[in-house]
Amino acid sequence: MTDLPPSPSSRPSPSSPAPAASGSSPASSGSSPASSGVWPAIDELWEWLDANRPHGGDQALLLRVLKLSEEVGEVAQAVIGATGQNPRKGVTHTWEDVQGELCDVVITALVALRTLTPEAREVFTRHLAKVTARSLGPPAAGN
């Protein structure tokens with residue numbers, strides 16, 4: 001049986017930012033989109049994808065959301081590969097590969113949200129607050 005990665009509570013916190021999405025950089029300036037923050041990077045990726053899309057209208061929106069399913073499938077493939085669950089292939093991935101694929105899911109979801117609304121940051125922040133309050137309860141007084 002293949003060992004699972006350490007639980008989140010026993011893992012050290014990352015000291016460097018997550019890797020950027022693969023492919024050509026959409027940024028035209030000398031700075032990395034990731035260095036300017038998540039939301040500016042998402043906007044830059046959205047602009048780049050929008051300028052290079054082969055389909056428009058509703059089809060473009062549906063394909064952008066469908067891309068999320070592809071990325072989730074790549075997470076599953078990486079987990080199967082990291083645990084060696086396919087006896088024909090054995091161990092083909094690392095837990096770092098799984099982390100990268102999860103990052104791709106997050107990036108793809110945020111770009112899809114940005115495709116639905118230019119207010120993606122505000123929509124996400126409000127929704128995260130709702131989920132946090134529902135799951136953890138209201139913030140303690142004095143915080």
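Starting from 1, each residue takes its place in the sequence as its number.
Inter-residue side-chain proximity for Arg134 and Val131 is flagged as met; some heavy-atom pair is nearer than 4.5 Å. For the pair Leu110 and Arg114, the minimum side-chain heavy-atom distance is 4.5 Å or more. The shortest side-chain heavy-atom distance between Val65 and Leu62 does not fall under the 4.5 Å cut-off.
Looking at Glu71 and Lys67, a side-chain N of the basic residue comes within less than 4.0 Å of a carboxylate O on the acidic one, giving a salt bridge.
Note: the hydrophobic cluster containing Ile80 does not contain Val72 (ILVMFWY, side chain heavy atoms under 4.5 Å, direct or indirect links). Linking Ile, Leu, Val, Met, Phe, Trp and Tyr residues whenever their side-chain heavy atoms come within less than 4.5 Å leaves Leu116 and Phe124 in two separate clusters. Linking ILVMFWY residues whenever their side-chain heavy atoms come closer than 4.5 Å, directly or via other members, leaves Leu113 and Leu63 in distinct clusters. Hydrophobic cluster membership is shared by Trp39 and Val111, with clusters built from Ile, Leu, Val, Met, Phe, Trp and Tyr side chains linked at under 4.5 angstrom. Criterion: ILVMFWY side-chain heavy atoms under 4.5 Å apart, direct or through other members. Under it, Val38 and Leu45 are part of a common hydrophobic cluster.
At least one donor-acceptor pair closer than 3.5 Å links the side chain of Asn52 to the backbone N or O of Trp48. Under a 3.5 Å cut-off, the side chain of Asp104 and the backbone N or O of Glu101 do not form any donor-acceptor pair.
Separating the CD atom in Gln77 from the NZ atom in Lys89 is a distance of 6.0 Å, to the nearest 0.5 Å. The structure places CD of Gln85 at 11.0 Å from OG1 of Thr92, a figure rounded to the nearest 0.5 Å.
Summarising the geometry of Ile42 relative to Ile107, their closest heavy-atom pair is CD1-O, 4.1 Å, with the distance given to 0.1 Å. Here the closest non-hydrogen pair linking Ala41 and Ser36 is N-OG, 4.5 Å. The two residues Thr94 and Asp97 make their nearest non-hydrogen contact at N-OD2, 2.8 Å.
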